Amino acid sequence: MTAVLGVSAYSHEAAAALVVDGVVVAAIAEERLSRVKNDASLPVRAMRACLALGEIAAGDLDEIVFFEDPFRKLEHVLVRAIGGFPRTGTLFARSLASQLGEKIWVLDALAAALEVPRGRVTFGSHHQSHAASAFFTSGEARAAILTVDGVGEDVCTAIWLGEGTSLRCLAEQRHPCSLGLLYAAFTAHAGFAINEGEQKLMGLAAYGTPRFRDELSRVAWLESGALVLDGDVFDHFRDPDRAFGPRFEARFGPARRANERLRVGEPGFARFADLAATIQAFTEDTMMAFAREAKARTGADVLCLAGGVALNAVANARLGAIFERVFVHPAAGDAGAALGAALFRCPPKQPQAAFSATLGRRADETTAWDLARALGLEVSRTDDAALAIARALEHGELVAVVDGRSEWGPRALGHRSLLAPAGPVSVRERLHRAVKEREPFRPFAPAAGASVAAARFDGVSPSLARFMTGVARARDPHDPALGAVVHVDGTARLQLVEDDASLLARVLALVPGGVVLNTSLNAAGEPLCESALDAIAFFQDRPIDALVIGDVIVRRPGAVS
Amino acid sequence: MLGHTTLTRLWAPWRVRRGPRAVGKMLAAFALVEEGSARTMRWAAEACPDQQGKILYLRHASDERRHAAMFVKRAAELDVAVSLTEADAVDLYGDLGEIGFLAFVTLAEARGLAEFRAYERAVQRVGDSRSAAVFAALYADEARHERYAWERLVALVGSARRARLHVLGAALGETRRALRRQGAALGDALYRLTMGLLYWLVVPLCAWLLRRARGAPKLGWEPPP
């Protein structure tokens, strides 16, 4: 038996993943357990949880693999800080403190945390870990792989060829020509936090037109299938949290402050929507160019994607024009690289057809029952949870669902989900304003089975829709059955539910229209719920109607079911 | 405890007199503290083995999160944005055990209540009645938190006298932590000064040598090294 624990940390999403003999046993992001959104700290809780799920002691691990090369990273940070003089004054002190203070010692910290010999702790490289996460979970025997993110060590984009159990890097683009950092600059300029607000910018883009294309083409362009950026405009050197400089603002207008209102129809909305549409269109074109390059270099029919930019579902959906199939790892960001690091050392011997994203912990129903009763909530048991949920949805209720092991990655796939009827627009408003407290311009996603998806949507890619990593287009954007789940541009980030035995599939079989709104079980700025306690706390604090944990149904006292 | 609260009473009027934005920044800082406390309480709820403790800590966490949201909203009205993801938290339950944790909660809630009263009076005096109302809205919760923590502490240690000793121990521990924080802040300032000198005195030459050695940056696709 070969057991390998992969770890990502000190980036923006720490996680751990356990692979035994090429089989993924467990994978959890630290934020789910620490309850700190985008927790980047050493994932001690996640590592312990993975070992507990695999019933393996730390001492029995053959290897613990860190997802990137901390020494190459330090070298790159130093070179960047020195080479960027005199613009790097703030960055110099800050990044050296973080590199020398903790990052360079990460291998020792891992050995100490797990109480294993230091020699058992090794490291991979950032993009190799991303590439492995995408290819070895895709179920493909041969594929081109694109890894696209901000920057890992010093590489921003890489093209790989995956064959059997091997991965080979064919070409890479180095810092500062980074599509991820370019998108981050526009995200920060629109007043959203980098590594968190990119999805908001993508949602905002649907309201605008790309009228800044000419302006953008003077500072970012494609050359022989590669991206080129004018470094003076993007200020990653000065402040990585801001990522744009005064020249950027001179060209695209003043930035929005984080607390400035951004509402459809109000002053300022149109400019930021147009800027979002501009960078979104450019991102899609750039991803197409990268994909063409990958196709030309590999001749593969299948494309696997990972890296933060691979969470851009709208761009992913266009890549089907170049490849027969496109697969995106469900945890495409740095959390997923923990799994990739482990899989690279211990790849599956055969391509595994059905990668399951339910790799987290199970919620304890007994705890849920006891806690809910002690809190004075109304608790009951059901012998048909799907029927109970479907009935509640028919009555227009919002139902929190905790089913089995939690999902790996940022999307709720029915295991830590908040379900609602997909039709009424009023449901969307209630969710936005009272439960999720997020920007009203952001869309919600539908979940549907294969036949309903085919009947109501065009351009459904099963390989993307399985993990909600692509978008489909509603056949009728004004379909009353989809009023709460179709975005203003007629698209939806559809989840295709293929496992007929799953709770969500059984709910879909019972609800009228066969489609529900499925959003993550969390509020703004919070990680997805993981445990029964998280779900009960969420239910207690938010105006949702029912919580279903396994066969336990929780309602407020006096609520009519 | 007394010293800290007295300092707050003296400091509060000066802090809020610098204008609405200064008040907004102060409220934003309180929001982060409350959010940090919410996380600490959630961890305690997760770790606590008995049901009653879980419930108490869970409710406390819920209150702290609500307080944080109230501070965020008022800070935003005063034109100060704050992201609660930046909040810092310590797993005090894990570090101190339940008795030490409860002693700390008792102490912190009493101190929080005294400080909020001082700030309420200070913002009221500068005519900011809405911020004052935010502080006033928290008193009942803070008092309840102090009460439950004290009662549970007494129940766990067996007598009020022993509980008071634990609270005194928590006060000493808090003083030690405060000194460590100040030491860290001083160390940080020295580090920044040293790195600033290094940056402006040594890095220019290194940068020049580096640019000569590397030449123009390479663009486009490159083979892996």
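Since the structure is predicted, the reported quantities are computational estimates derived from the model, not experimental observations. A, B, ... follow the sequence lines: proteins, then strands. Residue 1 opens every chain.
With chain B as partner, the option from A/I536, A/T367, A/L96 having the largest number of non-hydrogen pairs under 4.5 angstrom is A/L96. Interface remark: of the candidates A/L371, A/N38, A/V228, A/L371 forms the most heavy-atom pairs closer than 4.5 Å to chain B. Taking chain A as the reference chain and counting heavy-atom pairs below 4.5 Å, the highest number among B/D79, B/L198, B/L210 is found for B/D79. For the options A/E260, A/E223, A/R257, heavy-atom pairs under 4.5 Å to chain B are most numerous at A/R257. When each of B/G196, B/P223, B/A76, B/S62 is scored by its heavy-atom pairs under 4.5 Å with chain A, the top score falls to B/S62. The residue among B/V202, B/L219, B/L209, B/L58 with the most heavy atom pairs within less than 4.5 Å of chain A is B/L58. Ranked by non-hydrogen atom pairs under 4.5 Å with chain A, the options B/Q52, B/Q51, B/R66, B/R192 are led by B/Q51.
The part of A/Q540 that comes within reach of chain B is its side chain, from C-beta onward, which places non-hydrogen atoms under 4.5 angstrom from that chain. Neither the backbone nor the side chain of A/L222 comes within contact range of chain B; no heavy atoms are under 4.5 Å apart. For A/A97, the parts sitting under 4.5 Å from any heavy atom of chain B are the backbone and the side chain alike. Of the atoms belonging to A/L170, it is backbone heavy atoms, and not side-chain ones, that fall under 4.5 Å from chain B. For A/E196, no part lies under 4.5 angstrom from a heavy atom of chain B. When heavy atoms are compared at a cutoff of 4.5 Å, A/C177 approaches chain B solely by way of its side chain, counted from C-beta outward. Of the two parts of B/V80, only the backbone, made up of N, CA, C and O, holds a non-hydrogen atom closer than 4.5 Å to a non-hydrogen atom of chain A. With a 4.5 Å cut-off on non-hydrogen atoms, B/Y199 touches chain A through its backbone and its side chain both. A/R168 does not touch chain B: none of its heavy atoms, backbone or side chain, sits under 4.5 Å away. Both the backbone and the side chain of A/V79 come within contact range of chain B, with heavy atoms under 4.5 Å apart. Contact annotation for A/T157: both backbone and side-chain heavy atoms come within less than 4.5 Å of a heavy atom of chain B. Contact annotation for A/R45: only side-chain heavy atoms (C-beta onward) come within less than 4.5 Å of a heavy atom of chain B.
Within the 4.5 Å cutoff, side-chain heavy atoms of A/L533 are placed close to those of B/K54. Annotation: side chain of A/R174 is in contact with side chain of B/P225 (closest heavy-atom distance under 4.5 Å).
In this structure, A/F290 and B/W221 have perpendicular ring planes: the angle between them is above 60°, well past the 30° mark.
Between A/A258 and B/A81, the closest heavy-atom pair is CB-CB, 4.0 Å. Considering every non-hydrogen atom in both A/V36 and B/W43, the closest pair reads CG2-CZ2, 4.2 Å. Between B/G220 and A/A226, the closest heavy-atom pair is CA-CB, 3.5 Å. Contact record, B/Y191 with A/A93: OH-O, 2.7 Å, taken as the closest heavy-atom pair. When every heavy atom of B/P204 is checked against every heavy atom of A/F85, the shortest pair comes out as CG-CZ, 3.4 Å. Pairing each heavy atom of B/T85 with each of A/G525, the nearest pair is CG2-O, 4.0 Å.
The residues A/E526 and B/R65 are annotated as salt-bridged, a charged nitrogen and a carboxylate oxygen being separated by less than 4.0 angstrom. Ion pair B/R42/A/D534 flagged as a salt bridge, since at least one NZ, NE, NH1 or NH2 atom sits closer than 4.0 Å to an Asp/Glu carboxylate oxygen.
Heavy atoms from other residues, nucleotides or ligands lying under 6.0 Å from NZ of A/K295 number more than 12. Within 6.0 Å of CG on B/D88 lie no more than 12 heavy atoms contributed by other residues, nucleotides or ligands. A/R373 CZ: 12 or fewer foreign heavy atoms inside a 6.0 Å radius.
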